[in-house]
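The model shown is predicted, which means the values in this text are computed figures rather than measured ones.
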Amino acid sequence: MFGNGVVGILSETTNKWERRAPLTPSHCARLLHGGRGKTGVSRIILQPSTKRIHHDALYEDVGCEISEDLSGCGLILGIKQPKLEMILPDRAYAFFSHTHKAQKENMPLLDKILAERASLFDYELIVEDTGKRLLAFGSFAGRAGMIDFLRGLGLWYLNHGYSTPFLSLGSSYMYSSLAAAKAAVISVGEEIATMGLPMGICPLVFVFSGCGNVSHGAQEIFKLLPHSFVDPTKLPELHEMARDLTQSKHLSKRIFQVYGCVTTSQDMVEHSNPSKPFNKADYYAHPEQYKPAFHEKIAPYASVIVNCMYWERRFPRLLTTKQIQDLMGNGCPLVGICDITCDVGGSIEFINQTTSIDSPFFRYEPSNDSYHYDLEGKGVVCSAVDILPTEFAKEASQHFGDILSHFTGSLASFRNLEELPSHLKRACIAHYGGLTQLYEYIPRMRKSDLHDPSIVLSNSSANGRKYTVLVSLSGHLFDKFLINEALDIIEAAGGSFHLVKCQVGQITSALSYSELEVGAEDKAVLDKIVDSLTSLANSSNSLGSQDKENNISLKVGVFQETIMDEKCDAKVLILGAGRVCRPAAKLLGSIGSMPPNKWLKSSITADFEEQNCVQVIVGSLYLKDAEEVCLYIKFHATSLIALIQKEPCDFISVRWEFDSIFSLTNLHISLCLHCPNIIFLEIM
């Protein structure tokens, strides 16, 4: 069925608001009437949809067919992931699959694709040779998110005693087009320019984090208002000037513009060593050497934070819960968070939920760490809508189809992957029932699923190998497929690996980060693996500025030797790695080498006298503390920490896990499955 020139278009089923289409009627007309010899497309069949932004009749008018049955199509296009029953055998599919990072929730879809011997092309992976994505909706997310939040700002101020021009704005989806929405914003701007804003809410400062497509889209809307942009270093000066005006009894004075400030990573962090300046490349490679600064340098002067930046957990957060609590307690003018990235528990820690297009706002009250669904009380108004581009479905579809239509003919007519241009070939995850070579790492990642406690435990210590070492890799590991080379090196040498941590870049410019516990039975083999990985990193970096996209940063931890003893049938888990932990761990670790009479003097029960070995497992919120304890007693640190929570910056989620009976029960059950003789020891 591949290559028959017949294209199908799916009806979108994932979300009631999804109205986008991969191709508009005008794109279909160009493909159909250009002739198959030129376009590669002979027919286009659409599944009927009553909510698609372009009505079925418009597609019929240009020669498309409307039918639920797409069995005659060799290529089937969509936007979001289809239902499993929509996957037909021996067809080519193209949509945003969210599978190439082994995302657990989408593995059933990938399994279905493989079982049906279908081909899967992911729009996210269609990139230029430089790595730039060709198909994306980021700017539309920025535009829609900004308009929606301006509307919320009007509601917020009304609830707090101020009438502002923002109150006349609607949500983005309420306008018939992007042009109509912009006209409404311009009208708001004209009112600000002529009537002004109340002194009590000024200066109204919008801080944009990041400078990518999302940020550019949000700024495009902001610039329709009368505005001035302020350098981040000038924010304190602006704030001081406004405070002087407030104290001068000119409270009736009006302000006729708003202020914008664009911040990048150099405004968000600073080197832990005060003598060292900020270096972007160094920060991306060694974020642990930098500390957060946004809450001190930027946030105290912001009225609205428009979050547009990509963030990974290895980087400091933009704003933590503790920081916002301190800021608001000190009179910070912040009134709102517009989180266009929609990163729950991410760079802005207290954004703990997504919101919907029809209910886009919630209120966070830092003083008591509470969440509310009205805008009447204290705190900050927050939005985190997760499907913003579809609010401008018409323009977003046109933009997307303008690019996709150039690839459609190739995808509709190919019979062999080698016939395709390189940017499409790289975007093919599966073909004829198997993963393509670039994505053969996916099963490896699935076997080391971080979300499944039983897998973490069964694979810990790199599948029981005697010698292990923790290796950290950062760079364009997935979009440049460098992770394949690293895993091939490990397996070719006879080693094994356990994926301890994986943070995958969600945009082209972002780096990915992985921690691998690499194991081998022979230390010489492990040395060889590390040397080969080091050579891989060095060779990629030696390419210099001409190919920085392929650079890898490599960090190698301390080599550990696991004591394997068949008589070691008792296991002790110590929760906590503080000062009291060390003597207890040392005492337990000495069983088998300490005379029994010494044990008796140490008030150890008789049950331990006959033990030749006790395996000590140290679990802590802070991996470094646990590793130090294990080095202190010369035992191997088991990666149990991944179960509990490794990131010290995730204190809120960690606290929830420990307070939750359900989480503790799961932890206890998982441990008992793999360690039937385990002893829980809580050091108070």
Side-chain angles (χ1 to χ4, degrees), residues 1-14 21-23 27-28 31-32 36-37 39-49 59 63-100 102-103 105-126 135 401 404-443 446:
M1 192 62 70
F2 292 113
N4 69 352
V6 182
V7 177
I9 296 180
L10 293 164
S11 61
E12 299 296 326
T13 58
T14 56
L23 297 172
H27 297 131
C28 293
L31 289 169
L32 288 172
R36 183 179 178 182
T39 67
V41 175
S42 59
R43 296 167 62 199
I44 298 178
I45 305 173
L46 289 87
Q47 287 187 324
S49 174
Y59 286 97
C64 296
E65 304 167 38
I66 306 299
S67 173
E68 288 283 1
D69 182 12
L70 300 182
S71 60
C73 304
L75 171 67
I76 298 176
L77 305 175
I79 297 292
K80 295 291 190 179
Q81 307 98 316
K83 294 178 179 178
L84 296 186
E85 57 266 27
M86 291 182 171
I87 303 299
L88 301 174
D90 301 313
R91 282 13 178 235
Y93 286 85
F95 48 80
F96 288 106
S97 73
H98 303 294
T99 58
H100 76 280
Q103 292 96 318
E105 65 275 14
N106 295 323
M107 287 302 95
L109 174 61
L110 182 58
D111 289 339
K112 179 68 171 177
I113 291 279
L114 293 171
E116 298 293 351
R117 293 177 52 81
S119 292
L120 172 60
F121 294 85
D122 194 313
Y123 298 140
E124 188 177 353
L125 302 174
I126 301 178
L135 288 166
L404 179 60
S405 59
H406 291 293
F407 311 145
T408 303
S410 297
L411 293 174
S413 58
F414 88 98
R415 295 184 182 275
N416 188 307
L417 274 182
E418 299 306 315
E419 301 172 10
L420 293 174
S422 59
H423 60 278
L424 295 180
K425 196 160 47 177
R426 287 194 300 263
C428 183
I429 295 176
H431 186 57
Y432 277 129
L435 295 170
T436 57
Q437 186 177 4
L438 291 177
Y439 302 94
E440 289 175 348
Y441 62 81
I442 292 177
R446 292 179 72 174

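- Proximity of a side-chain donor or acceptor of Tyr59 to a complementary backbone N or O of Ile45 within less than 3.5 Å is not detected.
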### Task
Let me see the working for Met86 and Thr13 under side-chain contact (heavy atoms from CB on, under 4.5 Å), right down to the final yes or no.
CA-CA 11 Å; Met86 291 182 171; Thr13 58; 3.6 Å; yes
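- Ionic pairing of Glu419 and Lys425 is not present here: no N-O contact between side-chain nitrogen and carboxylate oxygen is shorter than 4.0 angstrom.
- Shown here is Gln437, whose CD atom has no more than 12 heavy atoms of other residues, nucleotides or ligands within 6.0 Å.
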Margin query: Working note: Val7 + Leu31, criterion side-chain contact (heavy atoms from CB on, under 4.5 Å); need CA distance, chi angles, decisive distance, verdict.
Written below: CA-CA 10 Å; Val7 177; Leu31 289 169; over 6 Å; no
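- Leu135 and Leu404 make their closest contact through CD2-N, 3.8 Å (heavy atoms, listed as atom of the first residue, atom of the second, distance).
- Rounding to the nearest 0.5 angstrom, the gap separating the CG atom in Leu114 from the NZ atom in Lys112 is 11.5 Å.
- The main-chain N or O of Ile79 is found under 3.5 Å from a side-chain atom of Glu12 such that the two form a donor-acceptor pair.
- Here Leu84 contributes atom CG and Asp111 contributes atom CG; the two are 9.5 Å apart, rounded to the nearest 0.5 Å.
- Across every non-hydrogen atom of Leu23 and Ile9, the tightest pair is CB-CD1, 4.1 Å.
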Inset, instruction - Show your working on side-chain contact (heavy atoms from CB on, under 4.5 Å) between Leu77 and Phe121 and close with a plain yes or no. - result: CA-CA 10 Å; Leu77 305 175; Phe121 294 85; over 6 Å; no
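- Smallest separation of non-hydrogen atoms from Ser42 and Asn4: OG-O, 3.8 Å.
- Formation of a donor-acceptor pair under 3.5 Å by the Arg91 side chain with backbone atoms of Pro89 is found in this model.
- Formation of a donor-acceptor pair under 3.5 Å by the Tyr123 side chain with backbone atoms of Gly78 is found in this model.
- At distances below 3.5 Å, not a single donor-acceptor pair connects side-chain atoms of Thr436 with backbone N or O atoms of Ala430.
- Between Leu70 and Leu10 there is a side-chain heavy-atom pair separated by less than 4.5 Å.
- Ring geometry for Phe96 against His98 counts as parallel: the plane angle stays under 30°, on a 0 to 90° scale with 60° as the upper cut.
- Put simply, the side chain of Gln81 does not reach to within 4.5 Å of the side chain of Thr99, judged on heavy atoms.
- Closest approach of Ser11 and Ser49 over heavy atoms only: CB-CB, 4.2 Å.
- Nearest heavy atoms, Leu417 versus Cys428: CD2-SG, 3.8 Å.
- Between Leu125 and Leu438 there is no side-chain heavy-atom pair separated by less than 4.5 Å.
- Ser71 and Asp69 share a side-chain donor-acceptor pair at under 3.5 Å.
- Ring geometry, Phe2 versus Phe414: the interplanar angle falls from 30° to 60°, so the pair is classed tilted.
- The line from OH of Tyr439 to NE2 of His431 is 14.0 Å long, rounded to the nearest 0.5 Å.
- Looking only at distances, no side-chain donor or acceptor of Glu68 sits under 3.5 Å from a matching main-chain atom of Gln47.
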*Decide yes or no on side-chain contact (heavy atoms from CB on, under 4.5 Å) for Ser97 and Asn106, but give the supporting numbers first.*
CA-CA 8 Å; Ser97 73; Asn106 295 323; over 6 Å; no
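- Side-chain N or O atoms of Ser119 include none that pairs as donor or acceptor with a backbone N or O of Ala92 at under 3.5 Å.
- The minimum heavy-atom distance linking Tyr93 with Leu88 is given by the pair OH-N, 2.6 Å.
- Considering NE2 of His27 and CD1 of Ile44, their distance stands at 11.0 Å, rounded to 0.5 Å.
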